[in-house]
Amino acid sequence: MSFENRHTDDLVRLAVAGGGFTLSAANRHTNDLVRIAVAGSGKAARITFTDMANRHIEDLVRIAVADQGCVVLEG
């Protein structure tokens with residue numbers, strides 16, 4: 001199942017429910033990724049963001065701080 005076409009609000013709801021998923025972050029704004037990460041952190045959801053290699057380190061750090069260990073960042 002592909003999650004790339006899902007709206008950010010839907011992915012936030014899924015993460016809040018504890019659902020884990022893998023998402024290509026290539027076409028997502030950093031603020032959206034942070035929202036998803038924060039939503040998943042309270043439920044320890046296992047979320048993987050792929051296509052992160054070209055992001056600025058500041059963006060990666062923002063996501064890492066927000067996720068409290070529930071998000072894996074992959075190149």
Side-chain angles (χ1 to χ4, degrees):
M1 177 179 218
S2 175
F3 291 94
E4 282 70 32
N5 294 325
R6 298 276 183 180
H7 192 275
T8 299
D9 291 341
D10 292 336
L11 297 172
V12 167
R13 288 180 56 210
L14 182 58
V16 165
F21 52 89
T22 298
L23 176 71
S24 171
N27 296 316
R28 299 274 176 171
H29 293 286
T30 300
N31 289 342
D32 290 338
L33 299 176
V34 169
R35 283 183 57 212
I36 295 166
V38 168
S41 67
K43 294 288 187 172
R46 301 304 308 156
I47 301 168
T48 301
F49 293 149
T50 63
D51 304 314
M52 300 294 287
N54 293 325
R55 299 269 177 167
H56 293 284
I57 190 65
E58 292 84 8
D59 293 340
L60 298 174
V61 169
R62 281 184 57 209
I63 296 166
V65 167
D67 74 25
Q68 298 180 2
C70 75
V71 174
V72 175
L73 306 175
E74 291 184 355

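Atoms CG and NE2, on N5 and H7 in that order, are 12.0 Å from each other to the nearest 0.5 Å.
Residue pairs satisfying the salt bridge (Lys or Arg N to Asp or Glu O under 4.0 Å) criterion with at least one member in residues 20-32, sequence neighbours excluded, are absent. Applying the salt bridge (Lys or Arg N to Asp or Glu O under 4.0 Å) rule to pairs touching residues 47-58 yields nothing, sequence neighbours excluded.
Here the shortest heavy-atom pairing between G19 and A45 reads O-CB, 3.5 Å. F49 approaches A25 most closely through the heavy-atom pair CB-CB, 4.3 Å.
L11 pairs in a side chain to side chain contact (heavy atoms under 4.5 Å, CB included) with only one of the listed residues (L23, L33, V16), which is L23.
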Let me check something: any side-chain donor-acceptor pairs from residues 60-74 under 3.5 Å, sequence neighbours excluded? List them with distances.
unit_1, atom_1, unit_2, atom_2, d
R62, NH1, N31, OD1, 3.3
R62, NH2, N31, OD1, 2.7
D67, OD1, G69, N, 2.6

